[in-house]
Each structure stands twice: as structure tokens, then as C-alpha cells.
Enquirer: 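Okay, handing you the structure first.
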Number of protein chains: 2
Amino acid sequence: MKPFHSYQNPSLAVDLVVFGYSHEQLSVLLLNRKEAPFQDQWVLPGAFLQMEERFRDTCSRVLKTKLGMDDVYMEQLYSFDDPGRDPRGRAIAVAYYALVNPARVAVSAGSMANDVAWFNVRELPGLGFDHKEIFDLALQRLRSKITYFPVGFELLDELFTMPELHELYECILDTSIDRRNFRRKIIDSDYIINTGKKREGAQNRHPDLYKFNKKLKKNGFQINV
Amino acid sequence: MKPFHSYQNPSLAVDLVVFGYSHEQLSVLLLNRKEAPFQDQWVLPGAFLQMEERFRDTCSRVLKTKLGMDDVYMEQLYSFDDPGRDPRGRAIAVAYYALVNPARVAVSAGSMANDVAWFNVRELPGLGFDHKEIFDLALQRLRSKITYFPVGFELLDELFTMPELHELYECILDTSIDRRNFRRKIIDSDYIINTGKKREGAQNRHPDLYKFNKKLKKNGFQINV
DNA sequence: TCAAAAGTGTTTCACGTACACCCATGC
DNA sequence: GCATGGGTGTACGTGAAACACTTTTGA
């Protein structure tokens, strides 16, 4: 058995669509490039894969650098292979999307970027490379996933209220959902637990605080748009 | 703007899960390897990506070589990156699955394999590399996809009967489906057209022949397991 | 005319949807 | 006590599931 002959392979990178939710808005993390190509343009964070490194490790490395964050929920999205997608040469991108709570992270541009910032997904600037395409697919996937699997909790604080979860769903799905039917579906799914505590401070009734049920049972749910 | 420095990149290959359906059985196409590693073991067909080649082109090349077939339905599945997945060195695999009609193709082993054959998905041999994992994910994806999107037709002849389509669904989903409710859901979806012809030969009532409606309208469907 | 399988229709029931009411809190 | 928003209950209708009957064909 002979090892691979060292013929040339395409460059291999991961690109990350990092979603954050705060102030009732869904946002994406973007970098402003310091160097060509696409100098001074906004792009998704990413990094080249190092030998012996797994996609997930590369993602974690980027998230740690840009966000100072560990233990982030992420999922592989799709692999992009258009030969013209990077003007520097052939480059394959394996895209992941991640869900974080912006309140818990401190973004920092690092040496490779002029700036790093959260953008509301409804007011995106033009993106370099094929990153608009990647972002569009990620948003589509997130919307689909959230309707049948409990990923929404990743975007909220550990304790959250039902109205907060409801607002999150309406924001991400960009639609209105009957709050009473929504409540029932979520409760019936057994994915969340009522802590008995209440969110204080509001000048009207104090809503119950829930937490995510990590040992998720069989019950699923289905939020219809 | 400088081009990529030529540091070493992992090898990049595509692996294909080719599904076929005939004689009321779902099958997968496997190759028997002529060389190490995994000599004389069964594996999924695949090929290394050539520079300037897209995943889809590599897949087509494999399908053309192994099956003498063009115009095959295929879809990207997932990318696999375990550093230990190939004993010859670091190799990334982008997996695709394809749906073909075995009646229309002539499989040939080619120079790289001892043999090539269809295996019933319920009686798979042990597979080399991480190909069992890839196969499992592909079957899961196919099962999920077929419940809401018209991919089943890719596995049948151009003209097919309702009982044939029904049998296909029961086989792939490995469950029984009420034939009358199934018929209604498919008809209501507008994905198929009654040609007016009938399948001759059977010694009982001759079923209507349908064809796939390529200009698919908005109506979807949902086959529940 | 009989068996086997395909085409068509109907009843039933569960779930999703729409909607109304009561409760808690701060001013 | 009043405005605001959160928690709970219920009637209704649509659509999926369960099921029966008729039709067509070859032997």
C-alpha cells in the first residue's frame, strides 16, 4: 500500500455563518477584509484547514479567535466548489453554521480583519466571494431546522420565557404565530422545563422562566409556517 | 493579491452512494477493490477530484465509467473528514447520492476493481473505509427526502403505475402505507400525469400508466411514516 | 364465473387553528 | 382601578387515517 502521491489538491477552507439573536433581531457575524481579494468588503469568517485538523476543530478555532467562545452549537451546511469562487485559485469551502448568544461573547477583529460586526440578517451589506449564497442557504436551513428540532434554545439565555421563545420563532421564520398554540406545541414536546422562577422587572405580569431539557425525550414538535 | 502558497492540502475525493430499484428491491452499487487498502473488500465507488473539476463532474465521470450512464439525479450528502478514514493519508470525502434505474444501465468493473455489483440494502457486506457510515446517512436522507419531494420517479421507468410507485415507497420506507390514501396524496400533489395508457399483460385489471410531471407546480405532498 | 388486483368513495377522528377569558403586575 | 401583557381553556373545521365497494382482466 503506497501513500498518496503528492499531486496538487485544491485548498480547503471552512466558512462559518454565525447566527446571533438579541434585541429581538437575528444577526450574522461578518468580517471586513484587510487584504485583497475583496479588500474592505464584508465576508463570512473562515480559515484554511490544517493537516490533521477536522472541520469542527477549524470552526472552533475561528470561533475562539473571533468570539472568545467555546462550546458553540454548530452543524455542517454544505460544501461549495465553484472553481471561480476564489480569485486566488482553486479553493473548496465546507460551510458550517453556528448559533451563539451574542450577550455571552466579545467579538474581536484580530489581525486579519479591519473590523468585525453583527449585521441584522435583513440589512446585509454586499458580501465577497460566494458568501451571499452560503448565507442564504444557512438561513434557509436554520428556518427549516427550527420548525422540527430544538435549536432555538442555543440562541437564548439559559433561562428564558415563553414570550421570548415565541418572539424568536416569529423573528427567524419572519411570520406571525399564534402565541397560545405555539405554547402548547412546545410544552407538549417536553423539550423545556418550567423552573418555577419568574422573570422580574416588567410592569405587567411576570412570565415563567423555562430551561432547555437536555435529556430530550422522544416527543418532537412541528411548528407550521 | 498573491495566489495561494502551495502548502500541502488534504486529498479530496467524492464517494457515491448509487441507489437502484428493481424487482421490488432497493439496491446499492458496490465495487470490490483490487488493491490495498481494503483489498478484496467492498466499497462505494468514488474518485479523486481533479483540479478545476467540480464535485458533480467527478460524480458524472464515475457514473459514466461504472454505469455508462449520463443524466443521473444526484445530490450532495455530506463531507467526511475523519483523519483516520483513509490509511494512506489525510483524505476528505464529499459524499453524493445518486438515483438510477438499473434496467437502463450496464455496470462494468473497469480496471480498478475486481468486480462491481448491486447489493440489496438489507443484505450489505462489510464495507471498507468509513463507507458504512456514508451509506447509512444516504439511506436516511433518501427516506426523508422521498416523503416530501418527488425523487422516487428517478428510480422507475418513464412510465409507471400507481401500484409500482406505492410498492417503491413501501420498500424504501420499510413500512406499509394504505394504498388508497397514498394514491390520493400523490394525485393531489400534481406531480404525476395520467397518460391514459395502461400496463398490459397482468391477468387482472390493467393499471393506468403515469408519467412524472416535470413542470412541477407548487403543490407538495407529505407521506407520513 | 371466479380470483386477484386496481380504481373510487365515505366515515371517523385527531389535531391544528381560531378565538375568549382570566390573572398578575406597576403605576 | 386600569392598562398591559402573560397564562389557560374551548369550539370549530380541515385533513389524515381507516375502511368497503365496484370494476377490470385472464383463465
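In what follows, every chain begins at residue 1, and chains take the letters A, B, ... in the order their sequences are listed.
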Enquirer: Is any NZ, NE, NH1 or NH2 atom of the basic residue among B/K132 and B/D136 found under 4.0 Å from an Asp or Glu carboxylate oxygen of the other?
Expert: yes
Enquirer: May I have the distance from B/F221 (atom CZ) to D/dG15 (atom C1'), rounded to whole angstrom?
Expert: 17 Å
Enquirer: For B/K185 and D/dG15, give me the distance from atom NZ to atom P, rounded to whole Å.
Expert: 12 Å
Enquirer: Would you call the rings of A/F221 and A/Y169 parallel, tilted or perpendicular, where under 30° means parallel and over 60° means perpendicular?
Expert: perpendicular
Enquirer: Let me know the distance between CG of A/D208 and P of D/dG6, rounded to the nearest Å.
Expert: 11 Å
Enquirer: Is any side-chain N or O of A/R183 closer than 4.0 Å to OP1 or OP2 of D/dT8?
Expert: yes
Enquirer: If I take atom CD in residue B/E200 and atom C1' in nucleotide D/dT25, what distance separates them, rounded to the nearest angstrom?
Expert: 10 Å
Enquirer: Rounding to a whole Å, what distance do you find between B/R199:CZ and D/dG26:P?
Expert: 15 Å
Enquirer: Check the orientation of A/F182 and A/H166. Use parallel for under 30°, tilted for 30 to 60°, and perpendicular for over 60°.
Expert: tilted
Enquirer: Taking for each residue the nucleotide of DNA chain D bearing the nearest heavy atom, is the 5' side occupied by A/M162 or by B/N204?
Expert: A/M162
Enquirer: Taking atom C1' of C/dG9 as reference, at what distance in whole Å does atom CG of B/D188 sit?
Expert: 14 Å
Enquirer: Quickly work out the A/Q222 CD to C/dC15 C1' distance and round it to whole Å.
Expert: 13 Å
Enquirer: Kindly point out which of D/dG7, C/dG7, D/dA17 is positioned nearest to the side chain of B/R205?
Expert: C/dG7
Enquirer: Respond yes when some side-chain nitrogen or oxygen of A/K198 is under 4.0 Å from OP1 or OP2 of C/dT25, and no when none is.
Expert: no
Enquirer: Reading DNA chain D from 5' onward, which residue's closest nucleotide shows up sooner: B/G201 or A/R184?
Expert: A/R184
Enquirer: Counting just side-chain N and O atoms, does A/H206 come under 4.0 Å of either OP1 or OP2 of C/dG26?
Expert: yes
Enquirer: Between A/N32 and A/D115, is a side-chain hydrogen bond (donor to acceptor under 3.5 Å, both in side chains) present by the stated rule, with each step listed?
Expert: CA-CA 5 Å; A/N32 194 281; A/D115 197 6; over 6 Å; no
Enquirer: Do A/F19 and A/Y21 make the cut of ring centroids closer than 6.0 angstrom?
Expert: no
Enquirer: Using every non-hydrogen atom in the two residues, find where B/F129 and B/R85 come nearest and quote the distance to one decimal.
Expert: CD2-O, 3.4 Å
Enquirer: Shortest non-hydrogen contact from B/V72 to B/M69?
Expert: CG2-SD, 3.6 Å
Enquirer: Which residues, if any, of residues 163-181 of chain B bring a heavy atom under 4.0 Å of DNA chain D?
Expert: B/D178, B/R180, B/N181
Enquirer: Round to a whole Å and report the spacing from CG of A/N224 to P of D/dA16.
Expert: 11 Å
